[in-house]
Every structure is written in structure tokens, then in C-alpha cells.
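Have a look at the structure below before the remarks.
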There are 2 protein chains.
Amino acid sequence: MPSSVQSVADRAGVSVSTVSRALRGVPGIAESTRKRVQEAAEELGYVASLSASRLATGRTHTVAVVVPLLSKWFFAEVIAAAGRVLSRAGYDVLLTELSTPELRNAFFAAPRLQGRSDGALVLALQLTAEELAALEAQGQAVALVGSERAGASSVCVEDRAGGRAATRHLINLGHERIAFLGIQEAPGSTLGGVPPAERLLGYRDALADAGISPDPGLEFGVGNTVDAGSAAMATALTMAEPPTAVVAASDELAFGALATLRGAGLQVPGDFSVVGYDNHELAGSVGLTTMDHGVAEQGRLAAEALIATLDGAPAAVERLQPNLVVRGSTAPPRRLRAVSP
Amino acid sequence: MPSSVQSVADRAGVSVSTVSRALRGVPGIAESTRKRVQEAAEELGYVASLSASRLATGRTHTVAVVVPLLSKWFFAEVIAAAGRVLSRAGYDVLLTELSTPELRNAFFAAPRLQGRSDGALVLALQLTAEELAALEAQGQAVALVGSERAGASSVCVEDRAGGRAATRHLINLGHERIAFLGIQEAPGSTLGGVPPAERLLGYRDALADAGISPDPGLEFGVGNTVDAGSAAMATALTMAEPPTAVVAASDELAFGALATLRGAGLQVPGDFSVVGYDNHELAGSVGLTTMDHGVAEQGRLAAEALIATLDGAPAAVERLQPNLVVRGSTAPPRRLRAVSP
DNA sequence: CCGAAGATTGCAAGCGCTTGCGAAAGATGA
DNA sequence: TCATCTTTCGCAAGCGCTTGCAATCTTCGG
């Protein structure tokens, strides 16, 4: 059993309160005393009891990270980045995965964070007002990633501009029939682990800018998985007048699309162009042109924002600009290059 | 500020000790009393203070998950699976990423888990005896994934058999010049977030079984990244007598290899076969033949083992058998199919 | 040399919950 | 009806640390 303040106090010949103050660097303790206490503590291998100091102070120095789906690269990356800044700042990271609507509801129905953490970093979940209120009622400072709520700090991406840029890239290359692979929650899912339709809106913006009339048949809304992307792409290929390019709302969807295209014997980018969204770890290796939106940076910034909030700063929102990363999956449509046979 | 036991006690007209016992279901409380207390608690929205009960009991009901690199799919998947069983069992999950040797050393040098968690789930890190002892000295029950240590529970994979199976698959298809892309830590890295060379040994076993003399030039040891796999594959293609197939020690390496092959204009599996190891989330979409070793199951089993240990069960080790998943990246070498031109 | 301001340290009252032990009350058996 | 068990509860002593406030000791200006 670990030694207590008392034992250190005895050894250093001071009172427990002095030990407490000395070890925490509270001013008002003579430097000589402090040193003596520290030595005594060291010799005893003393480590202050967390539970005890938490009870006494009411602060846990812990931050809960709430995420819809841990195994998605995006979330893991954000958490990793956030975790680094949090732990450097002395906060523990409590992980909570809300992978089903049931878990989500249960989580918000009970004060599950009360006394467990000082703040919550909420990824992607589009919190309802009640959910946000529930967190605050539990005394949590909260910072959001990928959504925006009055009163809470957040970092989010200009997804509409991103969708627009991705689409414009294809338009600039000469494409006119451009499909959109969007992310759509399964109906009934309260997960909401998905950025809203901003990217789709950006896609429409770009078409409008270019005077291309939108074709609802080219807009696909599917689950955010490789397979779904694959299937949607297959459907697109069966159209009477198929697209020559696609912008996917995530790299995973794009991976699926690429797989289908390859399977169909189509060359990318020769016969078909695709641009993704995320700049996924593996996007480079498959040569996917994609929108980079600083995934790790989102985590870092959000963690910093949360820490600032915990230190009493007012809520602030940070907006990131996504950037196009051109790789090998986009090129002018074949039609144009075939002009001079 | 949340209400305390005292307020519930007052409201229910009983003593605090009765409230405590009633709410926790401790036997020795009349059912009627218990009900009354529960109602009072409910009406007050009472939630027991975690810190207080932790201080009083000494148990934290928290498990630390220690992982080398969160953003790797493998680890995220294991954590997700483990996290589900842990939280269902009432444990909180504390996340600790040890992504650099410095962080690792610092982590084990100080009793960083003391009072923070009841147990630790350690992924991939090949703990030294001292490190394991350090954890136990902090009162942690420990369970390992991907390594084995006397005295600790663990779940690991029969990697040697896996490497052998993967290689044999290629041999059975008729390949004879088979390269191996192995994972090798950067020198000086104490990370150890890598399974030992078991897979390589299995590869050699298979060659020996088939009477194929091993060529050290075909064994590559690189970092576990897509790019490294890509580079190693490129090197392999420059050999005087290049291989016709490769078994990669991870799917990420395999992805890299595939990228290089595609870039070189080689058909997979027509001109070259590749088998990976992991059954990565994206392996299916690129049609990669690979060894599945139940990643999520490893997490689940490890979590269960840890919980069992916390409940007083003796340490146990679970061994998983990897299975070959045949997809489209393997086929007989061209030489054989070109027999009848 | 003296009183006061300033620097250090100790006292003791929490923080909110758990638990061993004894008391009170109801049940049982002769 | 009385002694003996049981069943239910309350008392009070922690768990180990923090912190407001008072006590003690120095240091200084006059």
C-alpha cells in the first residue's frame, strides 16, 4: 500500500498541510522546507492519492473524449492528436465510444461523466441542445469537433467550400457529368456521427457556378463505408448517361468507388476521375486526389480549446480551410483528350 | 453542485450508511427501505461521487489501455472491441498512447497508473520484465495483447503458423521466388510496438517444408508503413532475379507493395501475387489476399481476461489461430500459365 | 529596543462515501 | 411468556488530501 502524506510529513518533520503545499508548489513555503519535503517524498516513493485530491478539490484533471466510432481512421487520428496535447497538459483521457443509438441515448440519459471528467471533447456527434445541456449540467466544459453549438467551443471545417473546391477541380479539368457520393446516416440512427450535408451543398454550388444544371440522379447518399461507395459507384455506372467523374464525401467512399472502377476495367484517371475527402492515411498510396482538412490539427486545436475553456477562457470557434491535394486520380475526361484523334 | 448521500438520507428518513448500502444493493437492507431510498435518490437526481467512493474503497473501476500508436487501424480496432466489453462490465477506459520512446520511458519511470486504474491492457508493447513489474507495483492487474509474459494474462496469435500458411498458399500456387516484407523497428526505438519475428520464421518454415532454399536477399525488414512497403517492393523489382510473389507482415506493407506494382504496370495477380497480414478494414476493397487474425476478437478476449483477473482469476493465455482469406491478389505465377502459348 | 508587517507553518474542518460493530426490533422456539 | 436468533439500521471512524485561518517566528524601521 502506497505511503500517505502523513508518512512524508513525519519523515520531513513537518505537518501534512506543509507537505501538501510543498509538493504542489503552492507559494508560502520556504524553499528549504520544500526541498526537504521533496526529498522525503522521493525516498518514500510517495505518490499523492488521486482519488483523495480529487475528492478534496473537486477537479479530476481528466477529459472525456466522446466519439461515435473509434475504428474509423478519422476519429482515431483526431483522438491521437488531441490526446497528445491533453496529456502534455496533465489531463487524463477517458475514452467513450457511442457506436449505437442505444449507447448514445444511455450515455446522455444518465450523468455518466459527472465526477469522472472536467470536460468533454465531442467528436462529430451532432449534439442536440438537450444533450449539450446534459453535459454542462454535469459540470463539463465541452469542446466540439465537426459541429457548432452556441456556448461551446468548437473547431470545424469549411466543408461547403471544400465540396465546392473538389467539384470545381473536376469542372476545371473539363468534366460536366459529375456524381456526388454523399454520406447519409441510416434512417433511425441517432448516431449523427457525420458532418452535415455541407459538402453536398458545396458540390451544388460549384455546378451552379459553372452553369451546369444539377442532376439529382447523380447525387448518392449512402453509409460511410468502402462497400457503400463501391455499390453506389456501380449504380452510377449503370446510368443511361453515366458520369465521367465523382466527388466522394469521404476517402473511404472514394476507395470503394476506385475498387468498382478498377473491377469494371475502367482506367483512373483515364476513363474516370475521382476525388475524395479526408486525405486518409492510405489516400497517398492509392494515388487518390482528395481534400485535406487537417485531421490531426482538428484534434489538436479542439484539445487546446477545451483546455482554454477549463482555464476559464470564453468559448471560441475555430474554422479550418480544407485544401485540395492533387494526386493521380483526376484528369480531363477522355472526350476532351480524344478531340484530335 | 450535486446532492450528497446526506441529502438523500434526510429525504428518505434514514442514515447515510443505509443510503449507501441501499443504492449499491448491499444485502441486509429491507426491500421496502431500499425502494424508499431509491425513490429519494431519484427525486434528487442523486449521483454518488466517484472520487469519494474511490477514495473509500480504493477501487477505481477504470482500466488503462496502453497502446503504441492509436492511429493504426489495428490498434483502434482492438481498443474499440476491448472498450465495448470493458464499459459493459462497468469499467471506464483510460487511454494512454506511448508513441515515442521518451513517452514510454517516462510512463514506466513514474507510477502513472497508481490510483488511476485497477488494471492495464497493454497492446503490442513488448514489455520488459521491469516494465511489467512496475505496473504490478502500482497495483495494476495486467493483460497483454500480442505478447506473452510470465504471470500476466495475454492473448496472442500463432503468428509463426500464420506466416507459414500465407507462404504455403503461394507455394501451392506454384511460386518459388517469394519475398517477405517484414516489420522492423527503427534502431534505437524502444517502442516495440511490433510483433516479434514470428511471421518471418513461419515464412522460412514454409520454404523449408517445400525444399526451397531461402534467399536472404528476399527478406526485407522495414518500418510498418505503406510507404515502407512501397519502397521495399520497388527494391525487390530491381533484383536480378526478382520474386514473383510477396508475403507482407502487415496489410499496410501489402498496400504499399500493391501501389508500387500497379505503378510499375504489373498486373496483380497476373504478374505478381501478394498476400498481406491483418485483414485490414480496406483489404477487401483492394482485393487483398491476407491472413485474418481476429483483430476485434483479440481486443474482446483481452478485455475479458483482464476483467477475470480483476475478479481474482489466475492469469491465463489465449492463443488465436490466424486464417487465410483468399481474395484477388494471388494466383499462379505467369511462368506456369504461359506453358501452353 | 519595541511594535508591526511579513513570511512560514500547523490546526482542524471538511470533501462524500464505505464499513465494522453494536443496538434496536421483530421473529422463533420451548 | 421469556430467552435467543435474525434481520435491519445507525454510529462513528476512517479513506488521504486541501485550505481558510490562526499561531509562531523573522525582519525592520524608528
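Computed from a predicted model, the values in this text were never measured in an experiment. In what follows, every chain begins at residue 1, and chains take the letters A, B, ... in the order their sequences are listed.
When each of C:dT19, D:dC17, D:dC9 is scored by its nearest atom to the side-chain atoms of B:Thr33, the top-ranked nucleotide is D:dC9. Residue B:Ala56 has its side chain nearest to C:dT18 when only C:dT18, D:dC17, D:dG10 are considered. Comparing atom distances between the B:Tyr46 side chain and each of D:dC17, D:dT19, C:dC17 picks out C:dC17 as nearest. Checking C:dT9, D:dT19, D:dC17 against the side-chain heavy atoms of A:Val5 singles out D:dC17 as nearest. Which of D:dG16, C:dG10, C:dG16 sits closest to the side chain of A:Ser17 comes down to C:dG10. Distance from the side chain of B:Arg21 is smallest for D:dC11 among the nucleotides D:dG16, D:dC11, C:dT18. The A:Ala30 side chain lies nearest to C:dT9 when the options are C:dT9, D:dC11, D:dT18. Of the listed nucleotides (C:dT19, D:dC11, C:dC11), C:dT19 has the atom at the smallest distance from the side chain of B:Arg24. Distance from the side chain of A:Ser49 is smallest to D:dG16 among D:dG16, D:dG10, D:dC21. The B:Ala52 side chain lies nearest to C:dG16 when the options are C:dG16, C:dG14, D:dT19.
Remark: P of C:dT19 and CD1 of B:Ile29 are 13 Å apart, rounded to the nearest angstrom. Rounded to whole Å, atom C1' of C:dC17 lies 15 Å from atom CD of A:Gln114. Atom pair A:Leu55:CG and C:dG16:P shows a separation of 7 Å (rounding to whole Å applied). Between B:Arg34 atom CZ and D:dG10 atom P there is a gap of 13 Å when expressed in whole angstrom units. Counting to the nearest Å, the P atom of D:dG10 and the CZ atom of B:Arg36 are 9 Å from each other. To the nearest angstrom, P of C:dC15 lies 18 Å from CG of B:Leu50. To the nearest angstrom, C1' of C:dA7 lies 14 Å from CD of A:Glu31. For A:Leu23 and D:dG16, the CG to P distance is 16 Å, given to the nearest whole Å.
Within 4.0 Å of B:Val19, counting heavy atoms only, lies no atom of the nucleic acid at all.
Looking at which nucleotide of DNA chain C each of A:Val16 and A:Gly28 is closest to, the 5′-most match is held by A:Gly28.
Residue A:Ser20 has a polar side-chain atom (N or O) positioned under 4.0 Å from OP1 or OP2 of D:dT18.
Counting heavy atoms from C-beta on, the side chains of B:Gln126 and B:Arg149 come closer than 4.5 Å.
A donor-acceptor pair is defined here as one N or O able to donate and one able to accept, closer than 3.5 Å; such a pair exists between the side chain of B:Ser153 and the backbone of B:Ala316.
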Query raised in the report: Run the side-chain hydrogen bond (donor to acceptor under 3.5 Å, both in side chains) check on A:Thr62 and A:Arg54 step by step: do they pass?
Result: CA-CA 10 Å; A:Thr62 297; A:Arg54 284 177 180 174; 3.3 Å; yes
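For the side-chain contact (heavy atoms from CB on, under 4.5 Å) with A:Val63, the qualifying choice from A:Asp92, A:Val93, A:Leu306 is A:Leu306, the only one to do so.
A tilted orientation is assigned to the rings of B:Tyr91 and B:His61, their planes being inclined by 30° to 60°.
Side-chain contact, A:Ser3 with A:Arg11: no donor N or O sits under 3.5 Å from an acceptor N or O.
With hydrogens and angles left out, the side chain of B:Thr57 and the base of C:dC17 share no donor-acceptor pair within 3.5 Å.
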